[in-house]
Protein chains: 2
Amino acid sequence: MMTDEQLREQLKQKGLKITPQRVAIYRAVMKLKNHPTAENIIEHIKLNYPNISIGTVYKVLDSLVENQLLKKVKNEKDVMRYDAIIHQHHHLYCIETERIEDYDDPDLDKLITKYFKQKKIKGFKVKDITLQINGEFKIK
Amino acid sequence: MMTDEQLREQLKQKGLKITPQRVAIYRAVMKLKNHPTAENIIEHIKLNYPNISIGTVYKVLDSLVENQLLKKVKNEKDVMRYDAIIHQHHHLYCIETERIEDYDDPDLDKLITKYFKQKKIKGFKVKDITLQINGEFKIK
DNA sequence: CTGCGTGCAAATGGTTTGCACTACG
DNA sequence: CGTAGTGCAAACCATTTGCACGCAG
């Protein structure tokens with residue numbers, strides 16, 4: 001999550017040209033909470049930017065993910081979803097609806113990190129851990 | 001994971017007919033470790049069952065997942081993978097290769113369950129938690 | 001100016017669907 | 001026998017690709 005200025009800075013640093021499309025797409029992911037799909041993003045952008053191309057949106061999303069400005073969010077179904085929050089965090093998946101919500105919990109992270117510091121998994125080097133917390137929202 | 005006999009029993013209980021296709025597909029997922037894709041499964045089955053149809057494989061996989069005899073495994077890419085181990089367990093995702101390995105850790109489960117018993121997430125009822133542990137295998 | 005990025009349209013590929021036929025119970 | 005399940009081929013649909021043009025640096 002960042003301001004326009006920071007985004008420009010980041011793009012420059014990663015050697016990506018600052019194009020209105022890239023800025024608009026990043027803004028869209030940021031604005032559309034709840035982990036939009038490519039289609040959600042296109043729909044939103046077309047309002048102010050009617051002739052953006054679908055192919056471009058996918059290419060831009062890919063390049064932003066590659067450069068760690070966005071993250072992909074896995075889901076059971078086959079459409080990819082995107083997240084502008086790239087620091088370590090978890091997700092609440094609603095079993096009934098398609099809702100995916102962010103879940104931040106430094107205490108939990110600490111607990112798990114500490115656990116894996118003691119109990120090593122042999123033959124495997126842990127880089128990061130994401131919890132996929134399935135359940136349902138009580139208030140819709 | 002179960003024997004032929006248990007599988008037949010399960011299918012009967014769920015009101016699913018026992019067809020050679022269903023048995024073969026379940027067996028294949030069980031035999032092919034490392035969370036096969038539908039294509040892996042088809043390939044394997046065609047050896048002994050040359051005229052099975054792709055559509056059937058997908059339908060059978062869906063019905064087995066619906067009836068909790070198999071589980072879907074999410075992955076970053078857009079191909080779905082399947083798992084015959086349906087009890088609560090976690091996955092080690094290799095960042096470099098496509099390898100996905102099972103990770104069972106009752107102590108960890110206990111720790112996390114205990115944690116969430118105290119710290120409720122407001123407005124959300126937790127059903128189950130899966131850890132997606134990203135990293136790399138030291139020995140290839 | 002030079003090449004990265006875009007728009008467009010066609011191609012890809014995993015998955016789904018519709019329908020006539022088959023075989024499980 | 002009746003219906004759930006299968007095989008086949010066509011349809012779907014999210015995503016990718018190739019290419020000519022445009023614009024950021």
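Keep in mind that this is a model prediction, so the values were computed, not measured. The sequence lines fix the lettering, A, B, ..., with proteins before strands; numbering per chain opens at 1.
Remark: B/Gln21 is not in phosphate contact with C/dC24, judged by side-chain N or O atoms under 4.0 Å from OP1 or OP2.
C/dT22 atom P lies 17 Å from atom CD1 of B/Ile52, rounded to whole Å. In this entry the distance linking CD of A/Glu66 with P of D/dT15 reads 16 Å, nearest Å. Straight-line distance from the CG atom of A/Leu11 to the C1' atom of C/dC4: 13 Å, rounded to whole Å. Between the NZ atom of A/Lys12 and the C1' atom of C/dG5 there is a distance of 18 Å, given to the nearest Å. We find that CD1 of A/Ile42 is positioned 11 Å from P of C/dG7, with the value rounded to whole Å. Atoms CD1 (A/Ile45) and C1' (C/dG7) sit 14 Å apart, rounded to a whole Å. If you measure from atom CD1 of B/Ile25 to atom C1' of C/dT15, you get 14 Å, rounded to the nearest angstrom. When rounded to the nearest whole Å, the span between CD of B/Glu39 and P of C/dG13 equals 10 Å.
Applying the ring pair (Phe, Tyr, Trp, His ring centres under 6.0 Å) rule to B/His91 yields the partners B/His35, B/His89; only residues at least two apart in sequence or on another chain are considered. Residues passing the side chain to side chain contact (heavy atoms under 4.5 Å, CB included) test with A/Val57 are A/Ile25, A/Ile41, A/Ile42, A/Ile52, A/Leu61, sequence neighbours excluded. Residues meeting the salt bridge (charged side-chain N to carboxylate O under 4.0 Å, His left out) test with B/Lys119, sequence neighbours left out: A/Asp105, A/Asp107. The side chain to side chain contact (heavy atoms under 4.5 Å, CB included) test applied to A/Lys114 returns A/Gln118, not counting sequence neighbours. Every residue two or more places apart in sequence or in another chain that forms a side chain to side chain contact (heavy atoms under 4.5 Å, CB included) with A/Gln10 is listed here: A/Met2, A/Gln13, A/Lys14, A/Leu69.
Over its length, the helix from C/dC1-D/dG25 to C/dG25-D/dC1 turns its helix axis by 40°, as judged from the five terminal pairs at each end, rounded to 10°.
For the atom pair CZ of A/Phe137 and OH of A/Tyr93, the computed distance is 11.5 Å after rounding to the nearest 0.5 Å.
Within the structure, every pair that satisfies the side chain to side chain donor-acceptor pair (under 3.5 Å) test and touches residues 40-65 of chain B, not counting sequence neighbours, is listed here: B/Gln21-B/Tyr49, B/Thr37-B/Asn40. Screening residues 124-133 of chain A for salt bridge (Lys or Arg N to Asp or Glu O under 4.0 Å), with sequence neighbours left out, gives A/Lys127-B/Glu136.
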Evaluate the criterion side-chain contact (heavy atoms from CB on, under 4.5 Å) for residue pair A/Leu131 and A/Leu108; output intermediate values, then yes/no.
CA-CA 10 Å; A/Leu131 269 74; A/Leu108 179 61; 3.8 Å; yes

Produce a footprint string for nucleotides 17-24 of chain D: one letter per nucleotide, 5' end first; B if the base is under 4.0 Å from any protein heavy atom, S if only the sugar-phosphate is, - if neither.
BB-----B

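Two residues, B/Leu16 and B/Asp62, neighbour DNA chain C, and the one matched to the more 5' nucleotide by heavy-atom proximity is B/Asp62. Nearest-nucleotide assignment on DNA chain D puts the 5′-proximal partner with B/Arg22, out of B/Asn51 and B/Arg22.
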